[in-house]
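Working notes for the structure below.
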Amino acid sequence: MGILEKISEIEKEIARTQKNKATEYHLGLLKAKLAKYRAQLLEPTKSATGKGDGFDVMKSGDARVALIGFPSVGKSTFLSLMTSTASEAASYEFTTLTCIPGVIEYKGANIQLLDLPGIIEGAAQGKGRGRQVIAVARTSDVVIMMLDATKGEVQRSLLEKELESVGIRLNKNKPNIYFKPKKGGGISFNSTVPLTQCSEKLVQLILHEYKMFNAEVLFREDCSPDDFIDVIVGNRVYMPCLYVYNKIDQISMEEVDRLARQPHGVVISCGMKLNLDYLLEMLWEYLALTCIYTKSEGRDRTFQMQLSSERGLPWNMWGPAPNTALRE
């Protein structure tokens with residue numbers, strides 16, 4: 001049985017297992033095994049030959065933003081509108097076959113925007129060059145998930161599942177768990193808060209599944225078994241994500257209002273150029289960039305001299321005396 005078959009069997013068993021106190025340890029072990037197999041699936045094979053064309057884009061600018069979505073949702077059109085880069089757009093799927101970079105100039109910052117090929121269901125297993133697309137997304141600072149507003153929430157849930165399976169955690173904070181493997185002494189377990197989702201026995205079972213029998217574990221918040229597995233694996237990426245619903249000109253106002261109220265959601269129309277300015281403002285907020293404006297030392301000192309002269313203040317209150325020529 002291959003890795004894909006093992007993953008499928010575990011997912012089916014998790015789906016049909018009822019969640020209660022009696023099954024929480026069994027579910028914890030299944031999730032630990034599932035995480036192990038998924039990690040093996042993402043490892044590059046020995047027969048892999050180099051990188052895919054167009055995916056080795058050098059990171060430039062002050063931040064990197066990745067456009068992720070299914071085919072024909074408007075990613076290339078959005079890139080062409082927001083940057084000076086022309087990305088081919090057509091009425092058929094898979095127009096974009098490589099990673100196309102562009103630069104957004106906003107508030108003095110250069111933001112690199114990557115138009116990635118559309119991914120399909122099963123991308124985490126390598127379908128449709130999904131691994132290359134997701135690998136680029138892991139190096140980004142923010143993910144823009146481009147969705148078709150005419151197709152409801154189906155695309156969003158599928159894309160979240162694909163990214164979740166490869167270790168990308170959207171709009172989540174890193175679990176506040178201290179974990180340190182040791183050479184001996186057994187498993188030391190402590191918590192600073194009451195735990196309702198994870199117990200000491202479950203922690204030990206998960207660690208044994210990873211062949212870890214000596215470790216120090218400290219829970220500083222009430223975390224789930226999935227969060228603890230993420231800490232053990234250690235290769236998870238936590239990044240903010242904007243859910244952008246395109247083509248709102250093709251749906252009713254009631255549906256637009258409902259989508260706009262979704263958490264982390266923004267509604268736009270690339271065809272009619274609607275709400276693009278607000279999207280840029282939200283992107284700037286999610287990037288959390290800070291503009292720092294500096295002044296030349298001579299010009300700033302001249303202002304201090306003028307202020308001192310007008311108010312009759314001593315020169316030394318501003319620190320060392322300025323140049324004699326300037327002072328005269």
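This one's a predicted model, so the numbers in the text were calculated from it and none came from an experiment.
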(message) Do V103 and L289 land in one hydrophobic cluster if side-chain heavy atoms of ILVMFWY residues count as linked below 4.5 Å?
(response) no
(message) Going by salt bridge (Lys or Arg N to Asp or Glu O under 4.0 Å), name the pairs with one or both residues in residues 164-181, residues two or more places apart or in two chains.
(response) E164-R169, E164-K172, R169-D230
(message) Keeping E221 on the side-chain end and N176 on the backbone end, is there a donor-acceptor pair under 3.5 Å?
(response) yes
(message) For residues F228 and Y238: do they belong to one hydrophobic cluster (side chain heavy atoms under 4.5 Å, members Ile, Leu, Val, Met, Phe, Trp, Tyr)?
(response) no
(message) Quick check: do Y210 and V233 have side-chain heavy atoms less than 4.5 Å from each other?
(response) yes
(request) Ignoring hydrogens and angles, tell me if any N or O in the side chain of D222 forms a donor-acceptor pair with the backbone of T196 under 3.5 Å. (result) yes
(request) Could you list all the ring pair (Phe, Tyr, Trp, His ring centres under 6.0 Å) pairs where at least one residue sits in residues 169-195, not counting sequence neighbours? (result) F189-F219
(request) Taking the side chain as every heavy atom from C-beta outward, state whether L195 and E200 have any atom pair closer than 4.5 Å. (result) no
(message) So does C241 get a backbone contact from the side chain of N171, meaning a donor-acceptor N/O pair under 3.5 Å?
(response) yes
(message) Measuring only between side-chain heavy atoms, which start at C-beta, is V65 closer than 4.5 Å to L283?
(response) yes
(request) Give a yes or no on whether E105 atom CD has more than 12 heavy-atom contacts from other residues, nucleotides or ligands under 6.0 Å away. (result) no
(request) Identify whether the distance between the nearest side-chain nitrogen and carboxylate oxygen of D148 and K247 falls below 4.0 Å. (result) yes
(message) Can a donor-acceptor pair be found, under 3.5 Å and without considering hydrogens, that links the side chain of N110 to the backbone of G61?
(response) no
(request) Would you indicate whether the side-chain heavy atoms of L279 and V244 approach each other to under 4.5 Å? (result) yes
(request) Flag the pair E254 and R258 as a salt bridge only when some basic side-chain nitrogen lies within less than 4.0 angstrom of an acidic carboxylate oxygen. (result) no
(message) Tell me the closest heavy-atom pair linking Y243 and P263, and the distance in Å.
(response) CD1-O, 3.8 Å
(message) Any donor-acceptor pair under 3.5 Å linking the side-chain atoms of Y106 with those of E281?
(response) no
(request) Indicate yes or no for a side-chain donor-acceptor contact from T23 to the backbone of Q18 under 3.5 Å, with no hydrogens or angles considered. (result) yes
(message) With clusters defined by side-chain heavy atoms of hydrophobic residues (ILVMFWY) lying less than 4.5 Å apart, directly or transitively, does L242 cluster with Y278?
(response) yes
(request) Return yes if some donor-acceptor pair links the side-chain N/O of T83 with the main-chain N/O of S80 below 3.5 Å, else return no. (result) no
(message) Are the side chains of L27 and T17 in contact, using a 4.5 Å heavy-atom criterion?
(response) yes
(message) Tell me whether L81 shares a hydrophobic cluster with W284, the cluster being built from Ile, Leu, Val, Met, Phe, Trp, Tyr side chains joined at under 4.5 Å.
(response) yes
(request) Quick one: which residue pairs count as a side-chain hydrogen bond (donor to acceptor under 3.5 Å, both in side chains) with a foot in residues 262-276, not counting sequence neighbours? (result) D249-S269, H264-Y286
(request) Could you check if a side-chain atom of D141 sits within less than 4.5 angstrom of a side-chain atom of M239, using non-hydrogen atoms only? (result) no
